[in-house]
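Every value quoted in this text rests on a predicted model; they were computed, and no experiment measured them.
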Amino acid sequence: MAASETVEIAIVGAGVVGLATALRLAAEGCEVLLIDPNEPGSGASFGNAGTIAEYACMPVGNPALLRALPKLLLDPDSPFSLRWPALLQLAPWLVQFVRQSLPAATRANALALAGLLAEALPAWEEMVEEADLTDLLRRNGCLYLYRRESDFAKAAGGRALRAGFGVHQEVLTPEAVAALEPGLPATGASGLYFPDSMNVTDPETVMRRLLDAAADRGVSVAQAEITGLRVEADGVRLSGSGFNIKANTVVIAAGAQSRALAIQAGDRIPLETERGYHLEFPTEAPLLNRPVCPVDLGFYMTPMAGRLRVAGTVELGGLAAPPNARRLALLDRGVRQFFPQLGQPSSEWLGFRPSLPDSRPVIGPSRGSSRVIHAFGHGHLGLTLAPITARLIAELIIGRGDPARIAPFAVDRFGA
């Protein structure tokens with residue numbers, strides 16, 4: 001693109017947050033250019049567990065995890081792991097993560113997330129209509145599985161916190177679990193059921209339809225890697241190899257790749273990467289009725305179209321390292337505890353979740369210029385929070401936003 005080209009709004013990043021934001025802004029009559037070096041929706045938005053988890057207000061960092069953190073980090077097969085060669089790079093983030101895991105910070109972070117999640121399902125229902133997603137959405141709830149009484153006891157704080165925020169959750173006996181999921185082996189596990197939760201049956205198709213819906217409303221797409229961002233008097237210039245354009249407003253929604261652009265905008269944000277994995281197993285018929293999370297294993301088993309997707313765990317370690325075969329093997333061994341008859345996985349995947357120490361996304365203007373808007377750092381909740389994030393960003397850009405709604409997610413919470 002020539003340097004003289006301009007656009008009203010440029011969105012850097014075409015994951016689910018970028019796609020949803022483009023669709024919402026286009027519906028408001030804005031001119032939108034969506035920019036991504038890869039196929040839209042092909043990153044973490046494609047590889048997630050497919051859950052729309054309106055209940056997930058408990059931040060990753062919390063007192064229970066903090067107590068178990070030394071043991072977790074020293075066990076390479078734990079659900080929470082660290083690539084030790086990346087320790088020096090991760091150290092500043094880990095210090096902040098530990099602080100955010102203390103009781104007062106945990107409650108503040110949970111309160112902020114709960115307020116945003118309370119609007120997630122209505123925003124999703126609106127997006128379902130806009131992008132024709134009805135056939136890809138299941139409203140069957142989600143089940144946490146507790147195979148050890150000690151794990152159920154440790155989770156009491158989380159249950160109490162969610163109850164205080166009005167989250168609909170039901171404690172299930174082993175008999176009730178068996179009735180809800182007859183395909184599971186009889187393990188005697190207790191359950192925690194979130195009946196309002198939804199899930200998608202094919203994230204890739206969801207992303208494609210969001211892109212199609214956005215394109216139908218006039219959104220343009222450019223395949224380019226943005227490496228330069230410069231605020232000018234009359235706009236924001238974006239540049240990359242063979243690409244140069246000026247936008248009146250730029251939305252940074254590049255997920256785990258957002259930190260460098262935020263720095264150029266004037267904001268140092270403690271964004272790190274959680275490396276997420278999934279395996280998929282073909283199935284002739286669904287093995288489960290809904291997503292099931294065995295909490296001791298730290299992953300979700302989600303029935304999708306023609307397959308079972310096993311996705312999750314946390315591996316801290318940056319963007320550059322190759323897939324960790326040990327993490328994939330961990331998922332494989334774990335799912336076979338429930339379904340030993342599974343054949344070989346048909347696919348495996350590694351993707352990158354944008355993770356902040358307090359588990360809150362960054363939503364709102366840059367400190368350097370109101371022409372730059374941040375919309376990233378959603379961690380495990382990108383799919384869940386994409387439509388409500390899009391609504392908040394659109395309201396901010398067109399001048400209908402309420403600053404109080406996005407104050408808990410403002411960039412200035414990280415200090416200078």
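- Interatomic distance, CE of Met58 versus CZ of Arg107, reported as 10.5 Å (0.5 Å rounding).
- In the model, Arg371 has no side-chain atom that pairs as donor or acceptor with a side-chain atom of Asn248 under 3.5 Å.
- Atom CD1 in Ile398 sits 11.5 Å away from atom CD1 in Ile393 (nearest 0.5 Å).
- A salt bridge links Asp135 with Arg209: at least one charged nitrogen is closer than 4.0 Å to a carboxylate oxygen.
- A donor-acceptor pair under 3.5 Å is formed between the side chain of Arg290 and the backbone N or O of Asn140.
- Between Met301 and Phe338, some side-chain heavy-atom pair lies under the 4.5 Å cut-off.
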Check your understanding: Under the side chain to side chain contact (heavy atoms under 4.5 Å, CB included) criterion, do Trp93 and Leu316 qualify, and how do the steps go?
Key -> CA-CA 10 Å; Trp93 187 94; Leu316 299 171; 3.8 Å; yes
**Study point:** Steps toward side chain to side chain contact (heavy atoms under 4.5 Å, CB included) verdict (Phe339, Thr283)
**Key:** CA-CA 11 Å; Phe339 302 110; Thr283 57; over 6 Å; no
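- At least one donor-acceptor pair closer than 3.5 Å links the side chain of Ser346 to the backbone N or O of Glu280.
- Checking Glu225 against Gln257 by side-chain atom types alone, no donor-acceptor pair falls below 3.5 Å.
- Surrounding CD of Gln344 are at most 12 heavy atoms belonging to other residues, nucleotides or ligands under 6.0 Å away.
- Glu274 and His380 are linked by a side-chain donor-acceptor pair at a separation below 3.5 angstrom, with hydrogens and angles left out of the test.
- Residues Thr302 and Leu308 have side chains not in contact (no heavy-atom distance under 4.5 Å, counting atoms from C-beta outward).
- The pair Asp412-Arg367 does not count as a salt bridge, with every side-chain nitrogen at least 4.0 angstrom from each carboxylate oxygen.
- Between Leu287 and Leu342, the closest side-chain pair of non-hydrogen atoms falls below 4.5 Å.
- No donor-acceptor pair under 3.5 Å is formed between the side chain of Thr51 and the backbone N or O of Asn199.
- Listed for the Glu181 side chain is a donor-acceptor partner under 3.5 Å among the backbone atoms of Asn289.
- Inter-residue side-chain proximity for Met207 and Ser42 is flagged as unmet; no heavy-atom pair is nearer than 4.5 Å.
- Gly312 and Arg353 get closest at one heavy-atom pair: CA-NH2, 3.7 Å.
- When atom types are taken as modelled, the side chain of Arg162 and the backbone of Val167 share no donor-acceptor pair closer than 3.5 angstrom.
- Distance check, rounded to the nearest 0.5 Å: CD1 of Ile388 to CG of Leu381 gives 13.5 Å.
- At a cut-off of 3.5 Å, with distance as the only test, a side-chain donor of Asn324 or Glu315 sits close to an acceptor on the other residue.
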**Study point:** salt bridge (charged side-chain N to carboxylate O under 4.0 Å, His left out) assessment of Asp196 paired with Arg139
**Key:** CA-CA 7 Å; Asp196 297 335; Arg139 297 171 172 84; over 6 Å; no
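- Glu5 contributes no side-chain N or O that, together with a main-chain N or O of Ile245, makes up a donor-acceptor pair within less than 3.5 Å.
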Point to revise | Glu39 vs Gln223, side chain to side chain donor-acceptor pair (under 3.5 Å): CA-CA, chis, key distance, verdict | key: CA-CA 8 Å; Glu39 182 72 19; Gln223 186 171 3; over 6 Å; no
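- Of all heavy-atom pairs between Arg413 and Leu356, the closest is NH2-CD1, 3.9 Å.
- For CD of Glu126, the number of neighbouring non-hydrogen atoms (other residues, nucleotides, ligands) closer than 6.0 Å is greater than 12.
- Checking side-chain atoms of Ser190 against main-chain N and O of Tyr146 turns up no donor-acceptor pair under 3.5 Å.
- Within the model, atoms CD1 of Ile373 and CD1 of Ile252 stand 9.5 Å from one another, a figure rounded to the nearest 0.5 Å.
- A donor-acceptor pair under 3.5 Å is formed between the side chain of Ser78 and the backbone N or O of Phe80.
- Looking at Asn109 and Arg360, their side chains do bring a donor and an acceptor atom within 3.5 Å of each other.
- Ion pairing between a basic and an acidic side chain is recognised when a charged N comes within 4.0 Å of a carboxylate O; Arg327 and Asp332 show no such pairing.
- Two residues are said to be in side-chain contact when any heavy atoms from C-beta on lie closer than 4.5 Å; Pro203 and Asn48 meet this criterion.
- Of the N and O atoms on the side chains of Thr389 and His378, at least one donor lies less than 3.5 Å from an acceptor on the other residue.
- Contact between Leu88 and Pro92 at its shortest, heavy atoms only, is O-CD, 3.8 Å.
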Sequence neighbours left out, cut at 3.5 Å: what donor-acceptor pairs do the side chains of residues 400-409 make with other protein atoms?
residue, atom, partner, partner atom, Å
Arg400, NH2, Glu28, OE2, 3.1
Asp402, OD1, Ala404, N, 3.1
Arg405, NH1, Glu395, OE1, 2.9
Arg405, NH2, Glu119, OE1, 2.3
Arg405, NH2, Glu119, OE2, 3.2

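- Put simply, the side chain of Thr134 reaches to within 4.5 Å of the side chain of Glu129, judged on heavy atoms.
- Enclosure of atom CG in Leu74 by more than 12 non-hydrogen atoms of other residues, nucleotides or ligands within 6.0 angstrom is indicated.
- Between His374 and Phe376, the ring-plane angle classifies as perpendicular under the 30° and 60° cut-offs.
- In this structure, Pro361 and Leu113 have side chains that are in contact, with non-hydrogen atoms separated by less than 4.5 Å.
- Classified by interplanar angle (parallel below 30°, tilted 30° to 60°, perpendicular above 60°), the ring pair Tyr55/Phe194 is parallel.
- The aromatic rings of Tyr300 and Tyr144 lie perpendicular to each other, with more than 60° between the two planes, well past the 30° mark.
- In this structure, CZ on Arg333 lies 5.0 Å from CG on Asp77, to the nearest 0.5 angstrom.
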Practice item. Test salt bridge (charged side-chain N to carboxylate O under 4.0 Å, His left out) on Arg99 and Asp358 and set out the steps. Key: CA-CA 9 Å; Arg99 290 173 179 164; Asp358 58 6; over 6 Å; no
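- Cation-pi check for Arg309 over Phe46 is met; the charged atom lies under 6.0 angstrom from the ring centroid and within 45 degrees of its normal.
- The closest donor-acceptor contact from the side chain of Asp75 to the backbone of Leu72 lies at 3.5 Å or more, if one exists at all.
- Between Leu279 and Val335, the closest side-chain pair of non-hydrogen atoms is not below 4.5 Å.
- Without hydrogens or angle criteria, Glu31 side chain to Gly218 main chain gives no donor-acceptor distance under 3.5 Å.
- In this structure, Arg217 has no salt bridge (Lys or Arg N to Asp or Glu O under 4.0 Å) partners at least two apart in sequence or on a different chain.
- Atom CD1 in Ile363 sits 10.5 Å away from atom CG in Leu396 (nearest 0.5 Å).
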Exercise for review: For Arg275 and Arg83, run side chain to side chain contact (heavy atoms under 4.5 Å, CB included): C-alpha distance rounded to whole Å, both residues' side-chain angles, the deciding distance at 0.1 Å, then the answer.
Suggested key: CA-CA 10 Å; Arg275 296 155 55 86; Arg83 288 191 66 257; 3.8 Å; yes
Point to revise | Stepwise side chain to side chain contact (heavy atoms under 4.5 Å, CB included) check, Leu385 with Leu116 | key: CA-CA 8 Å; Leu385 293 176; Leu116 199 57; 3.8 Å; yes
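- A side-chain N or O of Asp267 and one of Ser366 form a donor-acceptor pair less than 3.5 Å apart.
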